[in-house]
Amino acid sequence: MKSVAWTLYVLLYLLFCIECKGHSKSYSVSLKRYPRSTDDNDNKNKKCSYTFLVPPQKITGPICVNTKGPEPDKDRITRMDLENVKEVLSKQKREIETLQIVVDVDGNIVNEVKLLRKESRNMNSRVTQLYLQLLHEIIRKRDNSLELLQLENRILNVTAQMLKMASRYRELQVKYAALASLVNNQSAIITLLEEQCLRVFARKDVPGSPPLVQVVPQNIPMTHRYTGAVLGDNEIQRDPSYPRDREIIPPPPPPLDPASPTSSNTAMPAGKYINEITYKDCHHAKEAGNPESGIYLIKPESSNELMQVWCENKLDPGGWTVIQRRVDGSVNFFRNWENYKKGFGNIDSEYWLGLENMYLLANQGNYRLLIELKDWTDKKVYAEYGSFRLEPESDYYRLRLGVYQGNAGDSMIWHNGKQFTTLDRDKDAFSGNCAHFHKGGWWYNACAHSNLNGVWYRGGVYRSKYQDGIYWSEYRGGSYSLKAVRMMVRPID
């Protein structure tokens with residue numbers, strides 16, 4: 001029994017000593033601890049060594065047995081810790097790589113976002129520009145709408161004014177017709193009173209006078225088929241320099257001997273002529289390459305002599321042969337038969353081509369007649385006849401005219417088909433001599449609705465007992481002497 005107890009005591013002592021030595025060993029190990037190697041391979045190859053120092057001691061007392069195990073070393077690094085650290089590092093590395101990828105992607109996205117922002121700024125600038133343009137266009141359209149509205153208002157105002165003017169014009173036409181009728185009646189009454197006075201005071205019968213045409217036309221002639229290219233612009237333009245008191249020049253006295261002509265031939269101006277060769281008319285000369293207006297030598301087909309004429313090419317279509325012209329009263333047209341047969345006057349001023357020359361000219365083909373009239377306000381009107389020709393002298397150059405067109409009124413229909421009358425050849429239908437009363441040669445009937453070879457009176461309105469001025473009854477009436485007259489012929493195209 002004592003041996004067992006002794007044995008237990010020894011064992012407890014040994015255990016106590018081992019425990020104390022373990023403490024000293026751990027202390028020495030902690031003092032002699034090597035630094036941690038950063039190389040994993042070194043950790044794998046090397047092994048830890050422990051040294052136990054057990055001093056020899058005698059057991060003098062009881063042996064303490066520690067039932068607790070060794071306390072863990074908190075600073076001790078194990079393989080598990082290394083593995084955990086490696087795992088954490090690899091995980092962080094993977095996260096870094098992922099973050100790098102994300103950063104790269106985000107960098108591209110940032111660049112794209114920058115580009116999108118730049119495009120957005122450009123787009124905003126373009127949108128702003130388009131908006132400004134649209135706003136400008138809207139403002140312009142609004143202005144145009146306002147201008148259009150103003151123009152419509154103006155048109156409505158002008159239309160209203162035109163309607164008022166048209167109504168006023170119709171009223172003036174009615175008043176004009178009434179005044180024209182009154183003036184014509186008064187003229188007839190004045191003529192009767194003059195004849196009665198002459199009968200009372202002279203106590204003898206007065207020779208009959210030709211009937212007078214209306215002093216003013218009953219109706220204002222309307223335009224039928226007028227073109228500005230034929231006679232030019234016909235805007236009324238008054239001459240401000242012309243005096244209000246119009247001077248009336250009395251008709252020139254007739255020659256003492258009616259049988260003796262005052263001038264047998266047409267006076268020609270000095271100078272060279274435009275053409276050196278002859279043509280049958282002015283149209284032929286123009287077609288041959290002579291577009292200028294001027295004096296030309298022509299020779300109709302049935303004529304044996306040359307004649308000088310004025311060719312008018314400024315009127316469309318040109319090629320007009322002027323057979324009569326009145327412009328300034330410089331030539332006396334109160335002449336006998338021989339003068340009117342051969343022609344007289346100045347080619348570049350007032351002249352009469354001659355009945356025989358007209359006959360030869362107009363009978364070599366189909367010709368038309370154009371009569372141009374100009375009043376003292378420089379307004380031009382015209383009368384055109386589709387055909388024109390004369391019978392030979394044996395029939396006293398009887399007049400043949402075609403269909404009328406124009407805006408002057410037809411005052412030649414009264415003379416169509418009549419023979420020519422001069423102061424020494426009375427071929428009219430009146431009991432007296434119409435040429436004596438109207439102071440010119442013409443195709444008088446009984447007597448005249450037109451008298452283009454009459455006396456040239458200055459100023460228009462004139463006072464004469466027998467209406468001997470240059471008048472066209474359908475335009476301005478019989479008491480208005482025209483400022484200028486031209487008669488022209490041209491072949492029918």
Side-chain angles (χ1 to χ4, degrees), residues 225-234 265-327 331 342-374 380-390 399-408 412 452 484-493:
R225 203 180 75 185
Y226 174 72
T227 56
V230 177
L231 294 177
D233 295 334
N234 284 338
N265 294 320
T266 304
M268 303 301 173
K272 294 183 179 180
Y273 302 106
I274 292 180
N275 61 317
E276 296 179 356
I277 59 175
T278 57
Y279 307 100
K280 64 179 183 179
D281 56 20
C282 291
H283 178 260
H284 185 201
K286 183 177 181 297
E287 292 295 324
N290 298 281
E292 300 86 4
S293 298
I295 301 173
Y296 285 78
L297 288 173
I298 65 171
K299 184 176 181 296
E301 295 176 352
S302 301
S303 177
N304 296 325
E305 297 179 357
L306 296 174
M307 67 177 73
Q308 293 170 327
V309 296
W310 182 275
C311 293
E312 183 59 57
N313 293 323
K314 294 181 180 179
L315 298 181
D316 187 33
W320 295 96
T321 303
V322 179
I323 61 175
Q324 185 259 22
R325 179 166 54 198
R326 306 295 302 277
V327 290
V331 176
K342 294 183 179 180
F344 55 87
N346 301 315
I347 292 295
D348 58 347
S349 179
E350 293 192 341
Y351 79 97
W352 174 263
L353 182 61
L355 291 169
E356 184 66 20
N357 293 333
M358 296 180 192
Y359 165 74
L360 295 174
L361 178 64
N363 282 272
Q364 62 181 344
N366 297 322
Y367 282 76
R368 54 176 171 158
L369 173 66
L370 175 64
I371 300 176
E372 182 186 67
L373 311 172
K374 183 168 73 171
K380 292 182 180 180
V381 294
Y382 79 103
E384 185 176 354
Y385 295 88
S387 62
F388 168 79
R389 67 182 180 88
L390 300 179
L399 178 65
R400 303 294 185 186
L401 293 176
V403 179
Y404 159 82
Q405 66 180 17
N407 63 344
M412 286 294 286
L452 303 186
V485 175
R486 285 196 300 181
M487 299 176 64
M488 300 168 282
V489 295
R490 185 182 186 277
I492 299 174
D493 295 331

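The residues of the chain are indexed from 1 along the displayed sequence. Only this structure's heavy atoms are used, side chains among them; waters, hydrogens and symmetry mates stay out. Just so it is clear, the model here is predicted, and its values are computed rather than measured.
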Those residues that, when tested against [X], pass side chain to side chain contact (heavy atoms under 4.5 Å, CB included) (two or more places apart):
X      : value
Asp281 : His283, His284, Thr321, Leu361, Gln364, Tyr367, Pro491
Lys286 : Asn313
Pro291 : none
Ser387 : none

Taking the side chain as every heavy atom from C-beta outward, state whether Tyr351 and Val322 have any pair of such atoms under 4.5 Å apart.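 Contact flag for Tyr351/Val322 side chains = yes.
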Pairwise side-chain contact, Leu306 with Ile298, heavy-atom cut-off 4.5 Å (strictly under):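 Side-chain contact under 4.5 Å: no.
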Quick check: closest heavy atoms across [X] and [Y], and the distance to 0.1 Å?
X      : Y      : result
Tyr279 : Ala285 : CD1-CB, 3.4 Å
Ala408 : Val381 : CB-CG2, 3.6 Å
Tyr296 : Asn290 : OH-CB, 3.4 Å

For the side chain of [X] and the backbone of [Y], is there at least one donor-acceptor N/O pair under 3.5 Å apart?
X      : Y      : answer
Asn366 : Ile492 : no
Glu312 : Lys314 : yes
Arg325 : Ser349 : yes

Please name the residue in the list Met412, Arg486, Gln324 that meets the side-chain contact (heavy atoms from CB on, under 4.5 Å) test with Ile371.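 Between Ile371 and the candidates, side-chain contact (heavy atoms from CB on, under 4.5 Å) is satisfied uniquely by Met412.
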For Glu350, what residues pass the side-chain hydrogen bond (donor to acceptor under 3.5 Å, both in side chains) criterion, not counting sequence neighbours?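 side-chain hydrogen bond (donor to acceptor under 3.5 Å, both in side chains) check on Glu350 returns nothing, list empty.
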How long is the span from the [atom1] atom in [X] to the [atom2] atom in [Y], to the nearest 0.5 Å?
X      : Y      : atom1 : atom2 : result
Tyr385 : Leu370 : OH    : CG    : 10.5 Å
Ser303 : Asn363 : OG    : CG    : 12.5 Å
Glu384 : Tyr404 : CD    : OH    : 10.0 Å
Leu452 : Arg326 : CG    : CZ    : 8.5 Å
Cys282 : Trp310 : SG    : CH2   : 10.5 Å
Arg368 : Met488 : CZ    : CE    : 10.5 Å

Restricting to ring-ring contact (aromatic ring centres under 6.0 Å, His included), what partner residues turn up for Phe388, sequence neighbours left out?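 Result, ring-ring contact (aromatic ring centres under 6.0 Å, His included) vs Phe388: none returned.
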